[in-house]
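Contents: one structure, followed by commentary.
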Amino acid sequence: MSKENIDHKVVKGFGEEWSTFNQSSVSREELNKIFNEYFSVFPWDELPDECVGFDLGCGSGRWGSFVAPRVGKLYCIDPSIDALNVAKTNIKSKNTEFINAGVDKIPLKDSSMDFGYSLGVLHHVPDTEAGIVSCVKKIKIGSPFLLYLYYSLDNRPKWFRIIWRCSNALRIIISRLPRFLKHFFSSVLAGLVYLPLARFAKHMEKRGKNVSNYPLSSYRNSSFYTMRTDSYDRFCTRLEKRYSRVQIQEMMEKAGLSDIKFREEAPFWCAVGFRIF
């Protein structure tokens, strides 16, 4: 029997995350801004009328809530029942079907979908490359697949990567703590690290500075709730892998995707490709 491409402790952790941060306190305006950043390279105009697609690792449903009204049908897939329950609350569109499954057991016919996407998910499974292959098999030839994986800071200066290594050591410790302690420490980090650095970057940007390499500058216009959510996501997940732009392109090509286009701004490296085989 082949080994499952899933880490059940990670799945449990994400169920806890979305039960804690169900996105009810985030404004639609802020969520829409983040959604547009992730989907900036997505070829909406090339999708057929009444298209059918899937969201692999839908989590709280925050992105599905924007996709569903634009398409014919959306399958929201997640291995966590707790996450799906939150998604059912956040996605109001009746053209949505919720499926409890992991990436290696997607119960959709191969070559049946007009599009698919997986954002911030497949770096949390044991075999990321196999996960991409599983997703691409479900879309039709010529259809797009949108992917976001944590990046390896390959476009950042050395000092930036050193800071990340220190934070990663902290993640390894915090992610193994009991739930209430994970919540406590991630919230403390959001308040003492995320918030001041993000607001400092915002202040410097107003003074005309280029803040693209400032730590956590991508949160400069974010709410504290979003910072707390992402701090929990960053420091409380046991399994995390990171990939360079070159590695992401190679995995997408091996999975059968071509004409790959990357977003050139944060979030790095969000990319879309079209299935060719």
Side-chain angles (χ1 to χ4, degrees), residues 5 14 18 23 31-32 34-80 83-84 86-125 128-149 248 251-253 255-263 267 269-277:
N5 194 11
F14 276 109
W18 298 124
Q23 307 303 288
L31 285 176
N32 187 56
I34 303 171
F35 168 80
N36 286 331
E37 290 173 350
Y38 280 116
F39 280 80
S40 64
V41 294
F42 192 73
W44 291 107
D45 294 341
E46 297 182 37
L47 296 181
D49 294 338
E50 296 302 306
C51 57
V52 179
F54 66 90
D55 177 340
L56 189 282
C58 68
S60 66
R62 51 182 175 171
W63 312 137
S65 68
F66 290 99
V67 174
R70 302 185 182 208
V71 302
K73 184 165 186 176
L74 179 67
Y75 291 94
C76 289
I77 306 166
D78 203 284
S80 168
L84 285 176
V86 175
K88 290 175 183 178
T89 300
N90 288 332
I91 302 177
K92 309 299 183 182
S93 301
K94 295 182 179 180
N95 62 338
T96 307
E97 184 172 329
F98 299 91
I99 299 175
N100 180 220
V103 68
D104 55 346
K105 295 182 179 180
I106 302 173
L108 301 173
K109 290 183 179 179
D110 289 353
S111 304
S112 64
M113 298 288 106
D114 297 307
F115 70 92
Y117 63 90
S118 183
L119 304 177
V121 176
L122 295 179
H123 44 243
H124 294 308
V125 301
T128 298
E129 186 172 331
I132 298 173
V133 170
S134 295
C135 290
V136 173
K137 283 182 178 179
K138 302 303 174 183
I139 62 175
K140 300 173 183 176
I141 300 293
S143 295
F145 180 68
L146 180 69
L147 177 68
Y148 170 66
L149 301 175
I248 293 169
M251 288 191 293
M252 293 179 75
E253 289 175 345
L257 297 171
S258 183
D259 296 325
I260 296 167
K261 181 180 180 181
F262 284 87
R263 176 176 166 85
W269 294 109
C270 201
V272 66
F274 295 82
R275 184 181 176 189
I276 57 172
F277 64 79

Minimum side-chain heavy-atom gap Val103-Val121 below 4.5 Å | no
Taking C-beta and beyond as the side chain, do Lys105 and Pro79 meet within less than 4.5 Å on heavy atoms?
-> no
Do the two ring centres, one from Phe42 and one from Tyr117, sit under 6.0 Å apart?
-> no
Any Phe54 side-chain heavy atom under 4.5 Å of Cys135 side chain | yes
Please walk me through it: do Ser134 and Asn5 pass side chain to side chain contact (heavy atoms under 4.5 Å, CB included)?
-> CA-CA 10 Å; Ser134 295; Asn5 194 11; 5.7 Å; no
Close side-chain approach of Val67 to Phe115, heavy-atom, < 4.5 Å = yes
Nearest atoms (heavy-atom pairs only) where Glu97 meets Lys73 = OE1-NZ, 3.0 Å
Measure the acute angle between the ring planes of Tyr148 and His123, then classify it against the limits of 30° and 60° as parallel, tilted or perpendicular.
-> perpendicular
Give a yes or no on whether the ring-centroid distance for Trp44 and Phe39 is below 6.0 angstrom.
-> yes
Does a side-chain heavy-atom distance below 4.5 Å link Phe262 with Val41?
-> no
Nearest 0.5 Å, what's the CZ-NZ distance between Phe145 and Lys137?
-> 13.5 Å
Under a 4.5 Å cut-off applied to non-hydrogen side-chain atoms, are Asp78 and Trp18 in contact?
-> no
How far does CG of Asn36 sit from CG of Leu31, to the nearest 0.5 angstrom?
-> 11.0 Å
